[in-house]
Structure formats: C-alpha cells, structure tokens
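Notes follow the structure.
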Amino acid sequence: MGKDSYALATGLFMATLIISIVVIVNWLGDDQRQTQTYVATTRDSVTGLKTGSTVYYRGIDVGKVSAVRFDTNNPSMIVVPIEVDNTVRLNRGVYATLEYQGVTGLTQIALKDSGDNPEPLPSGGSPDTRIPIKPSLIDRLSVAGEDTVKETHELVLRLNQLLDKNNIQQMKQILTNIEAATSQFSALQNSADKALTQVPALTADARHALSEVNELTGEFKQLSQQIRQELTVLSRQSGDLMQTGASVGQQLLQTTMPRANTLMLQMQATIHRFDRVATMLETDPQAFLLGAEPLSPGPGEPGFKASQ
C-alpha cells in the first residue's frame with residue numbers, strides 16, 4: 001500500500017506541475033501579446049457570451065472578450081469590451097455577430113468586414129467608434145421562424161373562418177355557377193369556331209371589295225382630273241366671255257345707245273307726221289286726192305283782204 005500511495009502522490013504532483021506550467025506559459029503569452037481595446041454594442045440578447053470568450057476576425061483568433069455588461073448611460077444597451085491583437089487593423093465597416101461553439105452553449109464573437117467604409121477604426125471604445133453586434137444567420141432564421149409560426153397560426157385561423165358552413169355553401173354555389181359558365185363558354189367557343197371558319201370567305205370578300213374600291217378610286221382620280229381640265233377650260237371661256245361682254249357693253253354704251261336714241265327721236269317725228277296726216281284725212285279727205293287747199297294770205301301778203 002505504501003508503494004501505491006507514493007505512486008499516486010507522485011502522479012498527482014506531476015499532473016499539477018504540468019498544469020501549472022501550461023497556465024504560466026499561457027499567462028506569459030497573453031502578457032507578451034500587445035492588444036488594443038474595442039467596444040461592441042447590441043440591444044439584443046448575448047446568451048452564452050462571457051469574459052474570456054474568443055474573438056475571431058475573418059476566421060482567425062485575434063483576441064478575447066474582456067467584459068460583458070450593461071451601459072451605465074443607456075441600460076437598454078449591452079457593451080462588450082474586447083481585446084484585439086495590436087497587429088490587426090480594423091476599419092469602420094467592421095461589424096460583429098455571435099456564433100455558438102458547437103453544443104457547449106458558449107458563444108464567441110466573429111468580426112466581419114462589410115467593405116462599405118475602408119476608413120481605419122480608432123481603438124478606445126468611444127461612442128462613435130463602437131462596433132455594432134448584428135443578429136447572426138441563426139438568429140435571423142429563428143426570428144423568421146417565429147414570424148412564420150405566427151403567420152401560419154393566423155392563416156389557420158383565417159382558413160377556419162373561411163371554411164365555415166355558410167362559406168362552404170357559397171363556395172358550392174360558386175362552383176355550380178362556374179360549371180354553368182364553363183358549359184356556356186364551350187358553346188360560345190363552338191360558335192366562335194364556326195365564325196372562324198367563315199373568316200377566310202369574309203377575308204376573300206373583303207379583298208375583292210378592296211380591289212373594287214381601288215379600281216373605283218382610280219376611276220375617281222381620272223374623273224377628277226377630267227373635271228379639273230374641263231373646269232380650267234370653262235374658266236378660260238368664262239374669262240373670254242366676260243371680256244366679250246365687257247366690250248359689247250362698252251360698244252352698246254358708246255355707239256348703239258346713241259344711235260338708238262337718234263332713231264327713237266326720228267321715229268317720234270315720223271309718228272307726229274303720221275298723226276298730222278291722219279288728222280288731215282279725217283278733216284279733209286279730198287285733200288288726199290286734190291291736195292291741200294292753199295292757205296289764205298296773211299297780212300302783208302299778196303291777195304290779202306281784210307274782213308269787212
């Protein structure tokens with residue numbers, strides 16, 4: 001038993017020594033590692049994240065979480081100071097997500113670069129240099145799953161409301177109406193097929209009518225040209241006739257009318273003479289055969305006799 005106790009004590013001592021050496025080496029390595037402090041913030045839950053959790057940048061271990069606490073100025077905000085290797089250069093396009101470590105339930109921080117802002121990010125954790133913690137793919141899927149469950153539940157409720165007795169009766173009536181409309185549509189389709197069979201004949205008639213219309217249009221164009229030519233000739237003849245009428249009018253005014261006036265005067269004198277002859281024949285018919293009696297001499301003429 002003494003040898004077994006000695007061997008057990010020796011084994012425990014060696015195990016303790018090895019563990020102590022490993023812890024010292026890790027502690028010395030962390031102390032020699034130069035780091036700079038950044039602060040990540042979020043309003044969501046950080047379940048599984050604790051002090052000492054690993055910080056990865058693009059898949060590489062670059063630091064540790066130094067604390068997880070609420071912001072003293074804004075209690076709804078959670079701040080997570082992280083110590084990042086001094087050789088790593090972060091820019092303002094960096095954001096953080098929480099990733100689970102297998103089935104342990106622990107969480108690590110993964111830093112990612114969106115590439116939107118390549119400006120270098122200063123360290124120190126001031127409010128304008130804090131790194132936002134965005135929901136991971138699993139968180140988004142979880143939220144989307146909850147929303148899907150809610151929408152599915154609401155959809156089921158609506159379906160239950162839709163499939164009540166009254167609505168089912170109405171749906172049956174609608175299906176009956178649809179069936180009747182389908183039969184009418186079939187009859188209409190048959191009528192349309194018959195009408196379509198007549199379309200070629202109608203097309204041929206339409207083409208024939210169009211050809212006749214084209215011929216009629218050609219004849220109308222020829223007739224229009226002839227009418228234009230005749231109207232041109234008529235306008236010319238009208239112009240000549242107007243000129244002739246103007247010259248005839250001038251001749252009537254200048255020559256014919258004066259002659260006519262002279263002739264009228266002569267005719268009036270002749271008529272007066274005929275009137276005198278007719279009067280003489282009425283008063284003395286013998287004068288037409290024997291001639292007119294000489295007039296008695298007047299005073300101062302030969303043979304004048306004064307009345308007694």
Side-chain angles (χ1 to χ4, degrees), residues 22-23 25-162:
V22 171
V23 171
V25 170
N26 289 332
W27 180 70
L28 292 175
D30 290 339
D31 287 343
Q32 292 176 358
R33 190 176 188 179
Q34 300 294 326
T35 61
Q36 52 189 352
T37 302
Y38 294 94
V39 176
T41 59
T42 182
R43 293 181 181 274
D44 298 327
S45 176
V46 291
T47 303
L49 187 65
K50 63 180 182 177
T51 303
S53 297
T54 307
V55 177
Y56 290 91
Y57 177 56
R58 299 171 66 180
I60 300 175
D61 183 1
V62 296
K64 301 290 183 181
V65 174
S66 60
V68 179
R69 64 175 184 271
F70 289 102
D71 191 354
T72 56
N73 297 324
N74 187 2
S76 63
M77 185 75 68
I78 298 175
V79 293
V80 182
I82 58 177
E83 299 293 333
V84 179
D85 192 349
N86 195 26
T87 59
V88 178
R89 296 291 181 267
L90 303 179
N91 55 41
R92 291 186 179 274
V94 169
Y95 64 94
T97 58
L98 301 181
E99 296 182 355
Y100 295 100
Q101 296 179 348
V103 295
T104 61
L106 299 178
T107 305
Q108 62 189 14
I109 290 181
L111 299 178
K112 299 179 182 180
D113 188 0
S114 63
D116 296 336
N117 191 351
E119 182 182 352
L121 179 66
S123 60
S126 59
D128 60 337
T129 60
R130 292 183 175 182
I131 300 173
I133 299 177
K134 297 182 179 180
S136 63
L137 177 60
I138 296 176
D139 294 334
R140 292 197 297 270
L141 290 176
S142 177
V143 173
E146 292 178 359
D147 294 338
T148 303
V149 171
K150 291 180 181 178
E151 292 177 357
T152 304
H153 180 66
E154 185 176 358
L155 179 61
V156 170
L157 292 177
R158 291 183 179 180
L159 286 175
N160 290 331
Q161 294 176 358
L162 179 64

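- Listed for the Thr97 side chain is no donor-acceptor partner under 3.5 Å among the backbone atoms of Ile109.
- Between Ser53 and Gln108, the side chains place no donor N or O within less than 3.5 Å of an acceptor N or O (distance only, hydrogens not considered).
- Heavy atoms only, all atoms of each residue included: Lys64 and Gly52 are closest at CD-O, 3.6 Å.
- Atoms CG and OG1, on Leu49 and Thr42 in that order, are 10.0 Å from each other to the nearest 0.5 Å.
- Of the candidates Thr35, Leu111, Val62, Val88 forms a side-chain contact (heavy atoms from CB on, under 4.5 Å) with just one, namely Val62.
- Residues satisfying the side chain to side chain contact (heavy atoms under 4.5 Å, CB included) criterion with Thr87, sequence neighbours excluded, are Asp85.
- Using modelled atom types and a 3.5 Å distance limit, the side chains of Asn117 and Asn91 yield no donor-acceptor pair.
- Counting heavy atoms from C-beta outward, Ser123 and Tyr38 have side chains that approach closer than 4.5 Å.
- Scored by the side chain to side chain contact (heavy atoms under 4.5 Å, CB included) test, Arg89 finds Gln36, Asn86 as partners (sequence neighbours excluded).
- Within the 4.5 Å cutoff, the side chain of Ile82 has no heavy atoms near those of the Val39 side chain.
- The line from CG of Asp44 to CE of Met77 is 10.0 Å long, rounded to the nearest 0.5 Å.
- Residues that satisfy the salt bridge (Lys or Arg N to Asp or Glu O under 4.0 Å) test with Glu119, not counting sequence neighbours, are Arg92.
- Side chain of Thr107 to main chain of Tyr100: no donor-acceptor pair is present (N/O by atom type, distance under 3.5 Å, no hydrogens or angles).
- A 4.5 Å side-chain heavy-atom check between Val65 and Val55 finds at least one atom pair inside the cut-off.
- The cationic group of Lys134 lies under 6.0 Å from the six-membered ring centre of Tyr95 and within 45° of the ring axis, placing it in a cation-pi geometry.
- Taking both residues in full, the closest heavy atoms of Pro81 and Ala67 are given as CD-O, 3.2 Å, listed atom of the first, atom of the second, then distance.
- Residues Asp61 and Tyr56 come closest through the heavy atom pair N-CD2, 3.5 Å.
- The list of salt bridge (charged side-chain N to carboxylate O under 4.0 Å, His left out) pairs with a residue in residues 50-60, not counting sequence neighbours, is empty.
- Scanning for salt bridge (Lys or Arg N to Asp or Glu O under 4.0 Å) contacts around Asp71 gives Arg130, with sequence neighbours left out.
- Every residue two or more places apart in sequence or in another chain that forms a side chain to side chain contact (heavy atoms under 4.5 Å, CB included) with Ala40 is listed here: Val80, Ile131, Ile133.
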